[in-house]
Asker: 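First the structure, then my questions, so here it is.
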2 protein chains.
Amino acid sequence: MENKNSLQFHMNMGKLIGSVHNMITRRFVQNAHEAGLDISLDQWMVLGPIHYHGDASQKLLSDFCFKDKTSITRIVNTLEKKNLVVRVPDQLDQRINRIILTRAGKQLFNDVLPIMTKTKKEVSRNIPETDIEIFKDVLTRIISNLENV
Amino acid sequence: MENKNSLQFHMNMGKLIGSVHNMITRRFVQNAHEAGLDISLDQWMVLGPIHYHGDASQKLLSDFCFKDKTSITRIVNTLEKKNLVVRVPDQLDQRINRIILTRAGKQLFNDVLPIMTKTKKEVSRNIPETDIEIFKDVLTRIISNLENV
DNA sequence: AAATAATAGTTGTATATTCAACTAATGGAA
DNA sequence: TTCCATTAGTTGAATATACAACTATTATTT
């Protein structure tokens, strides 16, 4: 583990991304927990679009979040169990579920916003804004490299 | 979903990193599968250090992979079930498991190396090397921002 | 030497992810 | 209009993650 090869392995991009992803997830949950809020980062990633859209279908959430429809099904299950959202069948197309925030869901959304801001600040501390921009740009390029193949 | 706020949400860093992480994981597994190999990215991330170190403890793997010791326990379980590694109790400290590659494990390691290279190439296609360097640097900085708090 | 603290791993519980296979509803083509 | 393909969502099985609580072993302290 002490030679050059191992260091190179250590710095592998996939591993770095995975580690950072896990760390951000953990930090977000911790910050939320300290504020007395019970929500995971993935639940938040789905709750956000539900809030902005108003009556998103699960398909839309799936596309928007780059998550499998299965994942959306299960996250919406969890949110529904917590009484944060409800599934309402679409009037015109019976295949579609419209996901609607409950009052508690709206409340939680507003409570979590500052947690998100705090987490973002902790994550990007001491990193130049220009590097953050390049960082996001690379992420976006990787997504388009892997998206439709 | 069509206004400025939603776009901003869409471009959220945590979400981007999560999406990219999932996409790379999926692509790696697909590439391995096409080559007739059955291994996940996380299994590979643990198998690599086992190979380089020779007789790594689970604690070392945990530190090295930025994964919880629980995760290591379970990934090693999986690798053991597949007869890729064995747990050997340390002679001096009975608390420690030494994780050793089997012949099949060494074989798989060598078979997977080109898959890793291929995946890396697909991921970083059309992205300038200088941007990749900044990208990795930002990832490393985020890790140190979140590591010991 | 005996009590206590620290370390290495495991197990239980809850959440998240993917793929494949499935149901149900919609839309188009013969 | 009937058959067929597509679309939206669910379910099952396998893998991965974190935290808390646990056992067993080693190290430290009094």
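Just so it is clear: chains get the letters A, B, ... in the order the sequence lines come, proteins before strands, and each one is counted from 1.
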Asker: So A/F66 and A/I143, side-chain contact (heavy atoms from CB on, under 4.5 Å) or not? Walk me through it.
Answerer: CA-CA 9 Å; A/F66 290 98; A/I143 288 177; 3.7 Å; yes
Asker: Between C/dT10 and B/N97, is there an OP1 or OP2 to side-chain N/O distance shorter than 4.0 Å?
Answerer: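 Result: yes.
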Asker: Rounded to the Å, how far apart are A/F28 CZ and C/dT15 P?
Answerer: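 The distance from CZ of A/F28 to P of C/dT15 comes to 15 Å, rounded to the nearest Å.
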Asker: Using a heavy-atom cut-off of under 4.0 Å over every strand shown, decide if A/I99 touches base, sugar-phosphate, or nothing.
Answerer: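 Result for A/I99 = nothing.
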Asker: B/L60 has an atom CG; how far is it from atom C1' of C/dG9, in whole Å?
Answerer: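 Nearest whole value for this atom pair: 15 Å.
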Asker: Does anything in residues 73-86 of chain A come within less than 4.0 Å of DNA chain D? Heavy atoms only, and list the residues if so.
Answerer: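 Here the set is A/T73, A/R74.
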Asker: Are any of A/K59's side-chain N or O atoms less than 4.0 Å away from OP1 or OP2 of D/dG9?
Answerer: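 No, no such contact exists.
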Asker: Please state whether the phosphate of D/dG9, meaning OP1 or OP2, lies under 4.0 angstrom from any side-chain nitrogen or oxygen of A/R98.
Answerer: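 The answer is no; no side-chain N or O of A/R98 sits under 4.0 Å from OP1 or OP2.
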Asker: With the side chain counted from C-beta on, respond yes when A/Y52 and A/F109 share a heavy-atom pair under 4.5 Å apart, and no when they do not.
Answerer: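 In contact.
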Asker: Is the shortest side-chain N/O distance from B/S57 to OP1 or OP2 of C/dA8 below 4.0 Å?
Answerer: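 No, no such contact exists.
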Asker: Between D/dC19, C/dT10, C/dT18, which nucleotide has the shortest distance from any of its atoms to the side chain of B/R26?
Answerer: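 The listed nucleotide nearest to B/R26's side chain is C/dT18.
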Asker: Please pick, from C/dT18, C/dA16, D/dG9, the nucleotide with the shortest atom-to-atom distance to any side-chain atom of A/D42.
Answerer: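 The answer is C/dA16.
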Asker: Compute whether any side-chain donor of one residue and acceptor of the other, for A/H33 and A/N31, lie under 3.5 angstrom apart.
Answerer: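 Distance-only check fails for A/H33 and A/N31.
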Asker: Under 4.0 Å between a side-chain N/O of A/Q43 and OP1 or OP2 of C/dA16, yes or no?
Answerer: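 Yes, A/Q43 has a side-chain N/O under 4.0 Å of OP1/OP2 on C/dA16.
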Asker: Return no unless some side-chain N or O of B/Q94 is found under 4.0 Å from OP1 or OP2 of C/dG9.
Answerer: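 No.
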Asker: Return the 5'-most residue of the pair A/I72, A/Q91 with respect to DNA chain C, ranking by each residue's nearest nucleotide.
Answerer: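 Result: A/I72.
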Asker: Looking at the side chain of B/T70, which of C/dC19, D/dA20, D/dT17 is the nearest nucleotide?
Answerer: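 The closest nucleotide is D/dA20.
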Asker: Rounded to whole Å, how long is the line connecting atom CG of A/D90 with atom C1' of D/dG9?
Answerer: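 Between C1' of D/dG9 and CG of A/D90: 13 Å.
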Asker: Give one of base, sugar-phosphate or nothing for A/S40, where a contact means two heavy atoms less than 4.0 Å apart.
Answerer: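 It contacts sugar-phosphate atoms only.
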Asker: Within the distance-only criterion (no hydrogens, no angle test), does the side chain of B/N97 pair as donor or acceptor with the backbone N or O of B/S57 below 3.5 angstrom?
Answerer: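 Here the side-chain-to-backbone pair does not exist.
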Asker: Starting from P on D/dT15, measure out to CG on B/D38 and report it in whole angstrom.
Answerer: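 Those two atoms, CG and P, are 8 Å apart.
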Asker: Figure out the CD1/P separation between B/I24 and C/dT18, and round it to whole Å.
Answerer: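 Taking atom P of C/dT18 as the reference, CD1 of B/I24 is at 13 Å.
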Asker: Does any N or O in the side chain of B/K82 come within less than 3.5 Å of the main-chain N or O of B/D38, such that one atom is a donor and the other an acceptor?
Answerer: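 Checked: pair present.
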Asker: Does either side chain, that of B/Q94 or that of B/D90, offer a donor lying less than 3.5 Å from an acceptor on the other one?
Answerer: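 Looking only at side-chain atoms, B/D90 and B/Q94 do not form any donor-acceptor pair under 3.5 Å.
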Asker: Can you name the closest pair of heavy atoms from B/K15 and A/C65 and give their distance?
Answerer: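 Between these two residues, the closest heavy atoms are CE-CA, 3.9 Å.
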Asker: Parallel, tilted or perpendicular for B/H21 and A/H21, by the 30°/60° rule?
Answerer: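 The arrangement is tilted - the two ring planes meet at 30° to 60°.
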Asker: Should A/Q30 be listed as having a side-chain N or O under 4.0 Å from OP1 or OP2 of D/dC19?
Answerer: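 Yes, within the criterion.
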Asker: Mark yes or no for a side-chain to base donor-acceptor pair under 3.5 Å between A/R95 and D/dT7, with no hydrogen or angle criteria applied.
Answerer: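 By the distance-only test, yes, there is a pair.
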Asker: Quick one: which of C/dA8, D/dC19, D/dA8 gets closest to the side chain of B/I96?
Answerer: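 Nearest to the side chain of B/I96 among the choices is C/dA8.
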Asker: Is B/R87 near enough to C/dT10 that one of its side-chain N or O atoms lies under 4.0 angstrom from OP1 or OP2?
Answerer: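 Result: yes.
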Asker: C/dT18, OP1 or OP2 - any side-chain N/O from A/S71 closer than 4.0 Å?
Answerer: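 Yes.
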Asker: In whole Å, I'd like the distance from the NZ atom of B/K67 to the P atom of C/dT10.
Answerer: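 One finds 16 Å between P of C/dT10 and NZ of B/K67, rounded.
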Asker: Would you kindly give the CD-to-P distance between A/Q58 and D/dT11, to the nearest whole Å?
Answerer: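 Distance check: A/Q58 CD to D/dT11 P gives 11 Å.
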Asker: Between A/T102 and A/V85, is there a side-chain heavy-atom distance shorter than 4.5 Å?
Answerer: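 Heavy-atom side-chain distance check fails, nothing below 4.5 Å.
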Asker: Rounded to whole Å, please give me the gap between CG in A/L61 and C1' in D/dA8.
Answerer: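 From A/L61 CG to D/dA8 C1': 12 Å.
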